[in-house]
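To keep things clear, I will list the structure first and then write my remarks on it.
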Amino acid sequence: MAEIHPQLKNDCMLLGRFKLCHLLVAKDANYPWFILVPDRVSIKEIYQLTPKDQTQLLAESSLLSERLMRILNGDKLNVAALGNQVAQLHLHHIVRYQTDPAWPTPIWGKIAAKPYSGSELDDLLSKLELSNLSGFEIAG
């Protein structure tokens, strides 16, 4: 089992996991921002995953992407594996709206992170739970 990088643990909350990946949500209510972290040791790039894990990652990312856009009705979904500051492979899934504070530019460094209120986070998690993410288990 791979340990989630400390920076990701600091910046995010663990929601649960799929077959391959942990699912995190960033502690920034400015944007619905989810992160998949494959549970593999010493992986920095997608090509380093086995072909089977690459397929599983794509399946989990695609399912999450479709559900996020359906339940949150975004204008665009940004999916990226950057890793410039955290080398551990992780895929950002950020739902974007034409009304969000950084639109249409990238979100990084535009404005300070805004913590979720308890009700905002509960609402987001309820929508995610109701979206029926097959193969997803909520962290307990």
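Because the structure is a prediction, the values reported are computed rather than measured.
Of all non-hydrogen atoms in C12 and A26, the two that sit nearest each other are SG-CA, 3.9 Å. Residue A29 comes nearest to P115 through the heavy atom pair CB-O, 4.0 Å, listed as atom of the first residue, atom of the second, then distance. For A2 against D39, the heavy-atom pair with the smallest separation is N-OD1, 2.6 Å. In plain terms, the two heavy atoms of G74 and Y97 that are nearest each other are CA-CE2, 3.4 Å.
No option in Q48, K19, R40 other than R40 meets the side chain to side chain donor-acceptor pair (under 3.5 Å) test with D53. Remark: of the listed residues N78, V25, L36, I35, L36 is the sole one forming a side-chain contact (heavy atoms from CB on, under 4.5 Å) with H93.
Side chain of T105 to main chain of A102: a donor-acceptor pair is present (N/O by atom type, distance under 3.5 Å, no hydrogens or angles). Using a distance-only test at 3.5 Å, with no hydrogens or angles considered, no donor-acceptor pair links the side chain of K9 to the main chain of L14.
A distance of 11.0 Å separates CD of E3 from CG of L8, quoted to the nearest 0.5 Å. Summarising the geometry, atom CG belonging to D100 is positioned 8.0 Å from atom CD1 belonging to I107; distances are rounded to the nearest 0.5 Å. Separating the NZ atom in K127 from the CZ atom in R67 is a distance of 16.0 Å, to the nearest 0.5 Å. Atom NE2 of H90 is separated from atom SG of C21 by 12.0 Å, given to the nearest 0.5 angstrom. Going from atom CG of L133 over to atom CG of L128 covers 5.0 Å, rounded to the nearest 0.5 Å.
Using a 4.5 Å cut-off between side-chain heavy atoms of Ile, Leu, Val, Met, Phe, Trp and Tyr, with links allowed through other members, L68 and L24 fall into different hydrophobic clusters. Criterion: ILVMFWY side-chain heavy atoms under 4.5 Å apart, direct or through other members. Under it, V86 and Y31 are part of a common hydrophobic cluster. There is a path of hydrophobic side-chain contacts, each under 4.5 Å, that joins L23 to L121. Taken together through direct or relayed side-chain contacts under 4.5 Å among Ile, Leu, Val, Met, Phe, Trp and Tyr, V37 and I138 form parts of separate hydrophobic clusters. Note on L91 and L72: same hydrophobic cluster, where clusters join Ile, Leu, Val, Met, Phe, Trp and Tyr whose side-chain heavy atoms are under 4.5 Å apart, directly or indirectly.
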**Prompt:** Taking it one step at a time, do Q88 and Q7 satisfy side-chain contact (heavy atoms from CB on, under 4.5 Å)?
**Reply:** CA-CA 10 Å; Q88 180 179 29; Q7 188 66 50; over 6 Å; no
**Request:** Under the side-chain contact (heavy atoms from CB on, under 4.5 Å) rule, what do Q54 and I46 come out as? Steps first, then yes or no, please.
**Result:** CA-CA 7 Å; Q54 290 176 26; I46 293 171; 4.2 Å; yes
**Request:** Carefully, step by step, assess N30 and K110 under the rule side-chain contact (heavy atoms from CB on, under 4.5 Å).
**Result:** CA-CA 11 Å; N30 290 307; K110 292 295 178 184; over 6 Å; no
**Request:** Report the C-alpha separation of R96 and D75 in whole Å, then their side-chain angles, then the decisive distance to 0.1 Å, and conclude whether the side-chain contact (heavy atoms from CB on, under 4.5 Å) test is met.
**Result:** CA-CA 6 Å; R96 299 295 306 274; D75 294 313; 5.9 Å; no
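The side-chain heavy atoms of F18 and S61, taken from C-beta on, include no pair separated by under 4.5 Å. In this structure, the side chains of L124 and F34 come closer than 4.5 Å at one or more pairs of heavy atoms. With a 4.5 Å cut-off on side-chain heavy atoms, L64 and F136 do not count as touching. When side chains are defined from C-beta on, M69 counts as touching V95, because their heavy atoms get closer than 4.5 Å. Between L49 and L89, the closest side-chain pair of non-hydrogen atoms falls below 4.5 Å. Using a 4.5 Å heavy-atom cutoff, the side chains of S65 and V79 are in contact.
Ring geometry for W33 against W108 counts as perpendicular: the plane angle is over 60°, on a 0 to 90° scale with 30° as the lower cut.
Within a 6.0 Å radius of CD in E137, other residues, nucleotides and ligands contribute 12 heavy atoms or fewer.
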